[in-house]
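One structure is given here, and the rest of the page talks about it.
We name chains A, B, ... by the order of the sequence lines, and we start the count at 1 in each one. Just so you know, these numbers come straight off a predicted model, no measurement behind them.
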Amino acid sequence: MEFECVIGLEVHAQLMTQSKIFSGSSTAYGASANTQACAVDVGLPGVLPVMNRQAALMAATFGLAVGATVNPVSIFARKNYFYPDLPKGYQISQYEIPVVSGGSLEITTDAGSKTIRITRAHLEEDAGKSLHEDFDGMTGIDLNRAGTPLLEIVSEPDLRSPAEAVAYLKKLHTLVRTLKICDGNMQEGSFRCDANVSIRPRGETTLGTRTELKNINSFRFVERALYHEIDRQISVVETGGAIVQETRLYDPDADLTRPMRGKEEAHDYRYFPDPDLPPLVIDEADLALVRSQLPELPDARQARFVAQHELSEDDAAQLTGQSEIADYFESAVEHAQGESRLTANWINGELMSWLNKNDIGISDSPVTPAMLGQLICRIQDKTVSGKIAKQVFAALWEGENDGDVDALIQSRGLTQITDTDAIAQAVNDVIAGFPDQAEQVRAGEEKVIGFLVGQVMKATSGKANPQAVNELLKKQLLD
Amino acid sequence: MSISEKDVLRVAHLARIRVSSDELEDYQEGLSGILSLVEQMHDCDTDGVEPMAHPQDIQLRLREDQVTEPDQRDAMQKSAPQVDEGLYLVPRVIE
């Protein structure tokens with residue numbers, strides 16, 4: 001039997017506020033344990049939550065960006081459960097009426113484009129962290145993270161493959177970063193993902209029993225974890241078994257999923273409206289403010305890059321996958337006097353490979369947009385060849401000549417030889433040195449000319465203009 | 001409306017409250033009484049009445065996004081039974 005999988009994702013995006021959602025404690029990452037946990041965060045009796053306006057506006061920003069309804073009134077509710085990193089015994093979340101309802105994201109995979117519906121996005125507070133090692137059999141609790149604002153973004157079960165799930169996640173990741181509502185740092189847990197997965201025979205319309213995969217926190221793990229879980233479910237069904245609704249954890253070391261809890265009673269969170277918090281109102285004035293501050297969205301930017309900069313869809317998609325890369329590109333193009341395609345090639349090729357090799361982000365690139373733009377100009381005006389430009393790029397990366405492209409080309413003597421006499425001399429030498437190959441070219445084997453061009457380039461340390469060399473060789477051998 | 005012993009035990013477990021067997025009947029009666037009291041509301045005609053989430057007709061007050069709380073860990077941890085390296089220590093929990 002052929003099966004299809006049905007996947008829905010729940011993403012927790014930490015909102016980039018300075019202070020917590022219901023207290024004035026800092027949300028900065030990496031502070032000493034419990035130094036950013038005030039009386040509200042540790043759940044002392046008698047305290048009251050006071051809502052952070054910025055968190056509400058960030059949620060509204062997200063809602064507008066995905067074409068959702070930003071509910072004028074939404075309700076905070078208590079989600080009750082006991083765990084030591086949740087000192088109040090309940091998490092303040094939203095249940096019946098979330099701040100954002102509906103909306104969608106357009107994803108593109110090898111299978112084409114597809115709209116993924118968003119069910120809702122709601123505001124809630126994060127819990128603290130439990131550390132289970134090193135405390136003589138005790139568990140250590142750090143409440144610095146408790147009360148950090150989260151936007152939980154829930155998709156409809158519209159995803160039909162792990163590849164679609166990854167495409168959706170990446171799209172969402174780019175979006176929240178572009179909107180500057182979440183830093184997207186998966187390692188620090190600012191962008192976390194749970195997945196609901198089920199399978200059914202292809203053609204079936206009712207949903208199968210689902211399992212929930214928890215905390216799959218890198219794009220790579222998401223894909224692997226989903227593949228494994230789908231495989232596992234198919235083999236359970238094919239061997240006559242039934243899927244049990246349960247929560248499973250992906251173990252990246254063993255590369256498999258395993259059940260997280262025993263066969264405990266289904267969670268009963270006993271949600272009820274939080275009496276400490278009256279309804280959250282987001283009015284027209286708030287929405288107008290948020291709308292006026294919306295940045296250009298990734299899809300629109302990609303379309304503009306294609307139209308304005310005459311880039312291919314692929315190049316434009318690559319550049320707009322991160323708003324910082326798109327910003328870098330636009331700045332570099334300006335310095336490159338509008339030479340957009342060559343600039344895109346250099347960013348998607350050389351720059352990306354250096355960034356990946358050194359494991360740094362584009363904002364930390366030692367080669368600035370101004371430097372790259374300047375280098376592109378020198379390629380355009382034939383001061384350097386593309387090949388030599390890579391040497392210049394490497395030197396710029398190492399910080400030579402304080403990033404002054406022209407000074408660097410000068411001091412390293414990398415200027416392309418434009419002196420035709422000098423090139424002609426080198427061409428003649430090569431023809432004399434490789435008589436067999438020269439004869440082949442004369443006999444009509446034009447492909448061999450590439451070999452001779454290469455020899456001339458070698459003789460001139462790559463500084464001759466390859467096109468000029470090519471023309472001269474043809475003139476000498478074929479005319 | 002009355003609830004069963006099983007319901008009482010379940011609610012007690014969810015609330016992490018230990019209820020001994022000789023207390024069960026008491027709780028069963030008390031909780032059933034509360035439910036009956038609340039049930040009187042079924043007699044009201046609520047057609048066309050919008051559900052409300054808060055008894056007062058007010059909206060949430062919002063504060064500006066500013067860090068106003070200094071580090072008060074030492075004061076906070078004075079009432080903790082056990083701490084180590086700035087962490088609150090609790091009996092081991094593992095999922």
[Y]/[X] salt bridge by N-O under 4.0 Å criterion:
| X | Y | answer |
| --- | --- | --- |
| A:Asp194 | A:Lys214 | yes |
| A:Lys20 | A:Asp126 | no |
| A:Asp268 | B:Arg10 | yes |
| A:Glu212 | A:Arg248 | no |

So which residue, [options], ends up with the most heavy-atom pairs under 4.5 Å with chain A?
| options | answer |
| --- | --- |
| B:Gln77, B:Gln56, B:Arg63 | B:Arg63 |
| B:Gln66, B:Glu64, B:Gln72 | B:Gln66 |
| B:Asp74, B:Leu89, B:Val90, B:Asp71 | B:Val90 |

(request) Please confirm whether A:Arg78 makes a cation-pi placement over A:Tyr90, using NZ or CZ under 6.0 Å from the six-membered ring centre and within 45° of the ring normal. (result) yes

Name the option with the most non-hydrogen atom pairs under 4.5 Å to chain B; the candidates are [options].
| options | result |
| --- | --- |
| A:Pro84, A:Ala37, A:Ala55 | A:Pro84 |
| A:Ala56, A:Gly24, A:Ala31, A:Ser32 | A:Gly24 |
| A:Ile75, A:Leu44, A:Thr17 | A:Thr17 |

(request) Report the residue from A:Lys88, A:Gln91, A:Lys79 that forms a side-chain hydrogen bond (donor to acceptor under 3.5 Å, both in side chains) with A:Glu125. (result) A:Lys88

Using non-hydrogen atoms only, which part of [X] is less than 4.5 Å away from chain B: side chain, backbone, both, or neither?
| X | result |
| --- | --- |
| A:Gln36 | neither |
| A:Val42 | side chain |
| A:Phe272 | neither |
| A:Thr27 | neither |
| A:Leu249 | neither |

(request) Please state whether the side chain, the backbone, both or neither of B:Arg61 comes within less than 4.5 Å of a heavy atom of chain A. (result) backbone

(request) Give me the ring orientation class for A:Tyr81 and A:Tyr269: parallel if the planes are under 30° apart, tilted from 30 to 60°, perpendicular past 60°. (result) perpendicular

(message) I'd like to know if the side chain of B:Asp84 reaches the main chain of A:Gly140, judged simply by a donor and an acceptor atom lying under 3.5 Å from each other, with no hydrogens or angles considered.
(response) no

